[in-house]
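The model shown is predicted, which means the values in this text are computed figures rather than measured ones.
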Amino acid sequence: MLRSMTAFARQEIQGDWGALALELRSVNHRYLEIALRLPEEFRAREPAIREQMGKHLGRGKVDVSLRYTPPAGGAELQLNQALAKQLAQFSREVDALIYNASPVSSMDILHWPGVLESPRPDPDQLQERFMVLLEEALGELVATREREGERLESLIVQRCDAIGEVVKEVRTRLPELRQRLRERLEQRLAEARAELDEGRLEQEVVYFANKLDVDEELDRLDAHIDEVRRVLKEKKPVGRRLDFLMQELNREANTLASKSSDTKVTRASVDLKVYIEQMREQVQNIE
């Protein structure tokens with residue numbers, strides 16, 4: 001199924017251990033690029049996070065933003081006795097070294113960072129909850145990509161249909177164009193023979209033969225459009241393949257325009273390039 005690279009997903013979970021809020025934002029990119037913004041408690045899981053995301057996503061620049069909120073107030077404070085004893089001992093040692101030392105109160109020690117601690121959830125359990133949340137967010141992100149991919153596929157198919165109609169219209173004009181070019185060629189050949197300029201005669205023959213032959217370009221346009229339709233149905237990332245096909249389509253449209261000696265065919269070539277460019281803009285956002 002076709003997937004867009006532009007999507008957004010948000011998932012939240014909370015419990016007596018606190019709350020987690022995860023946001024995933026993805027945009028088009030040539031490769032898969034993951035930017036992580038994580039609280040310190042979750043940085044150890046970076047390799048696992050990247051591996052998990054790589055299983056679901058093929059391309060795109062993905063911003064991962066996680067916010068962790070510890071449990072609300074009311075939890076019992078715990079005393080870090082080892083740190084408090086160490087601070088008290090250091091205070092007595094310093095008192096013995098200086099003159100007229102100021103006494104250190106228990107409140108002074110309690111205000112020292114780390115002496116009073118709030119109980120923290122088990123970090124392994126917290127990280128496991130996050131990995132479950134990540135899987136849910138990735139499922140939402142992929143679903144959004146697929147929905148947008150359906151819309152992109154519909155737009156591309158419409159342009160393929162339009163290109164097919166333009167090619168069909170040009171084919172119907174070829175007999176008339178060939179007849180007109182033959183008449184011009186005969187006139188030029190008569191003039192060239194009268195001047196007995198064999199070099200010019202050869203140039204005119206080559207020039208008009210080239211002008212008459214656009215069947216190959218039209219056949220290749222049809223073949224490329226058929227390939228686009230086939231690729232759209234593949235179940236793997238196809239953005240790069242489609243981008244290559246856009247280049248090939250554009251090349252054939254340019255060649256057709258350069259060979260055109262008819263205003264309607266020239267206009268048809270312009271229409272082709274417009275449709276191809278519209279497809280190319282959509283293809284840039286396909287995974």
Side-chain angles (χ1 to χ4, degrees), residues 5-27 29-145:
M5 285 188 282
T6 300
F8 172 80
R10 177 183 174 85
Q11 290 288 330
E12 297 183 8
I13 188 173
Q14 60 183 2
D16 54 7
W17 42 265
L20 293 172
L22 176 63
E23 290 186 357
L24 305 180
R25 300 175 184 270
S26 72
V27 296
H29 196 271
R30 190 173 181 182
Y31 307 105
L32 178 60
E33 179 179 315
I34 301 171
L36 301 174
R37 291 192 292 276
L38 306 173
E40 192 63 37
E41 295 92 338
F42 302 88
R43 293 194 180 280
R45 284 298 178 104
E46 278 199 23
I49 294 170
R50 295 182 184 277
E51 180 181 357
Q52 188 77 353
M53 297 183 70
K55 293 177 181 178
H56 292 271
L57 308 175
R59 295 175 63 201
K61 184 179 186 301
V62 187
D63 290 324
V64 181
S65 179
L66 175 66
R67 187 175 71 253
Y68 170 57
T69 304
E76 291 186 9
L77 294 176
Q78 295 178 350
L79 176 65
N80 187 333
Q81 293 189 14
L83 179 58
K85 289 179 180 179
Q86 191 175 30
L87 290 172
Q89 179 62 35
F90 287 160
S91 174
R92 287 192 292 270
E93 293 178 4
V94 171
D95 286 345
L97 297 175
I98 61 176
Y99 173 75
N100 194 23
S102 300
V104 175
S105 69
S106 58
M107 290 304 298
D108 292 331
I109 293 179
L110 287 174
H111 282 122
W112 191 268
V115 173
L116 287 179
E117 299 175 327
S118 297
R120 304 286 286 183
D122 178 67
D124 291 335
Q125 183 184 26
L126 197 59
Q127 291 172 15
E128 287 301 326
R129 291 180 184 275
F130 165 65
M131 295 304 292
V132 172
L133 188 68
L134 176 63
E135 185 67 20
E136 294 175 354
L138 283 170
E140 180 185 349
L141 189 76
V142 169
T144 303
R145 281 183 162 207

For Arg30, does the CZ atom sit with more than 12 other heavy atoms under 6.0 Å from it, leaving out its own atoms? no
Derivation of the side chain to side chain contact (heavy atoms under 4.5 Å, CB included) call for Thr6 and Thr144: CA-CA 8 Å; Thr6 300; Thr144 303; over 6 Å; no
Please determine whether side chain to side chain contact (heavy atoms under 4.5 Å, CB included) holds for the pair Ile13 and Val132, giving the CA-CA distance in whole Å, both sets of side-chain angles, and the decisive distance to 0.1 Å. CA-CA 10 Å; Ile13 188 173; Val132 172; 5.9 Å; no
Which is it for Met53 and Val64 under the side chain to side chain contact (heavy atoms under 4.5 Å, CB included) test, yes or no, and what are the steps along the way? CA-CA 10 Å; Met53 297 183 70; Val64 181; 3.6 Å; yes
Between Leu134 and Met131, is any pair of side-chain heavy atoms under 4.5 Å apart? yes
Sub-4.5 Å side-chain heavy-atom contact between Glu41 and Pro123: no
Do His29 and Arg59 have side chains that approach each other closer than 4.5 Å (heavy atoms only, starting at C-beta)? no
Determine, stepwise, if the pair Ile49 / Ile34 fulfils side chain to side chain contact (heavy atoms under 4.5 Å, CB included). CA-CA 10 Å; Ile49 294 170; Ile34 301 171; 5.6 Å; no
Non-hydrogen atoms of Leu141 and Leu24 that approach each other most closely: CD1-O, 4.0 Å
Aromatic rings Phe42 and Tyr68: how do their planes relate, parallel, tilted or perpendicular, breaks at 30° and 60°? perpendicular
Atom CD of residue position Gln14 - does it have more than 12 heavy atoms of other residues, nucleotides or ligands inside 6.0 Å? no
Any side-chain heavy-atom pair from Leu57 and Ser26 closer than 4.5 angstrom? no
Distance (rounded to the nearest 0.5 Å) between Arg10 CZ and Arg25 CZ: 9.0 Å
Checking side-chain hydrogen bond (donor to acceptor under 3.5 Å, both in side chains) between Glu135 and each of Gln11, Lys55, His56, which is the one that passes? His56
Smallest separation among heavy atoms of Ala7 and Arg145, with atom names: CB-CG, 3.7 Å
Provide the closest heavy-atom pair for Ala9 versus Ala137 in the form atom of the first, atom of the second, distance. CB-O, 3.5 Å
For Leu38, does its backbone N or O pair with a side-chain atom of Arg43 as donor and acceptor, under 3.5 Å? yes
Distance check, rounded to the nearest 0.5 Å: Trp17 atom CH2 versus Arg129 atom CZ? 5.5 Å
Are the charged groups of Glu128 and Arg45 less than 4.0 angstrom apart, N to O? yes
